[in-house]
Amino acid sequence: MTVGGDDGGDSGGDGGREARDGDGAAPQPKKPRSFWKELPLLIGIALVLALLIKTFLVQAFSIPSDSMQNTLQQGDRVLVDKLTPWFGSKPERGEVVVFHDPAKWLAGEPTPNPNAIQKGLSWIGLMPSAEEKDLIKRVIGVAGDTVECKGTGPLKVNGKALNETSYVYPGNTPCTVDDLGGQFRVKVPEGKIWVMGDHRQNSLDSRYHQQDKYKGFVPVDNVVGRAIVVAWPPTRWSTLPVPDTFDQNLSAAAPGALGLAGAVPLVLWRRRRLTVGNTRVSGPGTAG
């Protein structure tokens, strides 16, 4: 049997062997690398992806206290959305947010001492960070809002009462009667938010830091992101939606809008009076 070459001629047995064994020979398949040689590469890719996810997408945080009961329990792990703030999204009323300590709110609190493995896992986002000074609270007021507490409540935003029974700790009152900050009326400045814990009688939140440099408000730039899911333990898995009471129109009416709303009836009333007056002066058959 002969093997046809590119030059089309017949070739003998030796020529056929040369064609197979020479430069034109088909390449031999490479032997696949062993799993153990591939493993370091796979681990490296996984670590890079985890670091990117932690930096730009989501990060796990551990709940260290009871200030957000019963929405969150001490020891819960929550996942925080860090993506939307990159696109200019700002905290909204009713959201549960994680933020960096704005003015030494955590001064005096014990700091955990993680080992090297825990530090490494925290750095890439596979474990909550034990060293970062972060807090978690619910956003009550945003820039321009007036938030107030009188007596035991209800808590009001721009004069409208909030129905907080779905998330305030059972047995707590929405407002706390004390002279340390529980009774207040504040207007949230631009670039800040007002936050409170769901366990109202066990939360050192914006109310009790009105003497610091931010007057209890939290700079929006300090917000890490919105907590969206309780991811651990499995028996506690749940989402963290905005309560229905925040769906009502809580926006503060701008002074200009109020002025315009008040001016329109006055202008119409004046025009009507002028029209009636002109009709009486210039009656039928009378020259103007």
Side-chain angles (χ1 to χ4, degrees), residues 53-55 57-85 89-112 114 122 125-142 147 155 162 164 166-170 172 174 176 181 188 192-210 212 214 216-233 235-243 245-246:
I53 289 172
K54 172 200 170 183
T55 304
L57 298 179
V58 295
Q59 184 176 354
F61 286 85
S62 177
I63 306 304
S65 71
D66 298 328
S67 69
M68 282 297 292
Q69 286 181 318
N70 274 336
T71 303
L72 299 172
Q73 301 289 348
Q74 188 173 163
D76 283 353
R77 271 33 172 198
V78 297
L79 296 182
V80 173
D81 169 23
K82 300 177 70 175
L83 177 63
T84 50
S89 175
K90 294 182 179 180
E92 297 184 2
R93 303 181 197 94
E95 294 180 345
V96 176
V97 296
V98 170
F99 54 95
H100 298 313
D101 189 343
K104 298 183 179 179
W105 288 18
L106 295 175
E109 293 291 328
T111 301
S122 297
L126 296 180
M127 277 188 66
S129 175
E131 296 181 321
E132 293 180 358
K133 294 287 188 178
D134 296 320
L135 300 100
I136 186 166
K137 305 290 181 188
R138 189 179 298 278
V139 179
I140 300 298
V142 296
V147 186
L155 176 65
L162 298 180
E164 302 186 285
S166 66
Y167 58 88
V168 166
Y169 187 75
N172 278 193
T176 303
V188 185
K192 305 291 193 302
I193 56 176
W194 181 267
V195 299
M196 296 173 68
D198 290 354
H199 196 163
R200 291 289 158 82
Q201 272 74 61
N202 189 25
S203 177
L204 295 178
D205 45 44
S206 288
R207 297 170 292 172
Y208 300 105
H209 294 279
Q210 296 182 62
D212 68 22
Y214 295 119
F217 302 107
V218 176
V220 171
D221 291 343
N222 280 43
V223 176
V224 176
R226 175 186 173 185
I228 52 176
V229 171
V230 179
W232 191 264
T235 55
R236 292 270 304 147
W237 191 94
S238 62
T239 58
L240 295 170
V242 173
T245 190
F246 291 94

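Side-chain atoms are counted along with the backbone in the values below, which use heavy atoms only and exclude waters and symmetry mates.
No side-chain donor-acceptor contact under 3.5 Å links D134 to the backbone of V98. A donor-acceptor pair is defined here as one N or O able to donate and one able to accept, closer than 3.5 Å; such a pair exists between the side chain of R207 and the backbone of S203. D198 contributes no side-chain N or O that, together with a main-chain N or O of T71, makes up a donor-acceptor pair within less than 3.5 Å. Counting only distance, with no hydrogens or angles, the side chain of R77 and the backbone of A231 share no donor-acceptor pair below 3.5 Å. Not a single donor-acceptor pair under 3.5 Å links the side chain of H199 to the backbone N or O of Q69. Side-chain atoms of S206 come within 3.5 Å of backbone N or O of G216 as a donor-acceptor pair. Using a distance-only test at 3.5 Å, with no hydrogens or angles considered, no donor-acceptor pair links the side chain of D81 to the main chain of R226.
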Decide side chain to side chain contact (heavy atoms under 4.5 Å, CB included) for V78 and V230; before the verdict, give the C-alpha distance in whole Å, the side-chain angles of both, and the deciding distance to 0.1 Å. CA-CA 4 Å; V78 297; V230 179; 4.3 Å; yes
Before you tell me yes or no, could you show the steps for L79 and W232 under side chain to side chain contact (heavy atoms under 4.5 Å, CB included), namely the whole-Å CA-CA distance, both residues' side-chain angles and the distance that decides it to 0.1 Å? CA-CA 9 Å; L79 296 182; W232 191 264; over 6 Å; no
From CA spacing to verdict: side chain to side chain contact (heavy atoms under 4.5 Å, CB included), T176, Y208: CA-CA 11 Å; T176 303; Y208 300 105; 3.7 Å; yes
How far apart are the C-alpha atoms of V142 and R93, what are their side-chain angles, what is the distance that settles it, and do they pass the side chain to side chain contact (heavy atoms under 4.5 Å, CB included) test? CA-CA 7 Å; V142 296; R93 303 181 197 94; 4.0 Å; yes
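Contact record, P91 with V223: CG-CG2, 3.9 Å, taken as the closest heavy-atom pair. For Y169 against N70, the heavy-atom pair with the smallest separation is CE1-OD1, 3.5 Å. Nearest heavy-atom pair, P174 versus M196, reported as atom, atom and distance to 0.1 Å: O-CE, 4.3 Å. For D66 against Q74, the heavy-atom pair with the smallest separation is OD1-NE2, 3.2 Å. In terms of heavy atoms, P243 sits closest to G94 at CD-O, 3.6 Å. Pairing each heavy atom of G197 with each of M68, the nearest pair is CA-SD, 3.8 Å.
Looking at H209 and P102, their side chains never come closer than 4.5 Å, going by heavy atoms from C-beta outward. Side-chain contact check for V188 versus I140: every heavy-atom pair is 4.5 Å or farther apart. Side-chain contact check for L135 versus D101: some heavy-atom pair is nearer than 4.5 Å. Counting heavy atoms from C-beta on, the side chains of L162 and F246 come closer than 4.5 Å.
Summarising the geometry, atom CG belonging to L240 is positioned 5.5 Å from atom CG belonging to L72; distances are rounded to the nearest 0.5 Å. Atom CD1 of I228 and atom CG of L83 lie 9.5 Å apart (nearest 0.5 Å). To the nearest 0.5 Å, atoms OG (S67) and CD (Q201) are separated by 13.0 Å. Atom NE2 of H100 is separated from atom CG of L106 by 12.5 Å, given to the nearest 0.5 angstrom. R138 CZ to R200 CZ: the interatomic distance, rounded to the nearest 0.5 Å, is 8.5 Å.
A salt bridge links D76 with R236: at least one charged nitrogen is closer than 4.0 Å to a carboxylate oxygen.
Considering only residues two or more places apart in sequence or on other chains, D212 meets the side chain to side chain donor-acceptor pair (under 3.5 Å) condition with W105.
Applying side chain to side chain contact (heavy atoms under 4.5 Å, CB included) to F99 and the options V220, V224, V195, I193 leaves one that passes, V195.
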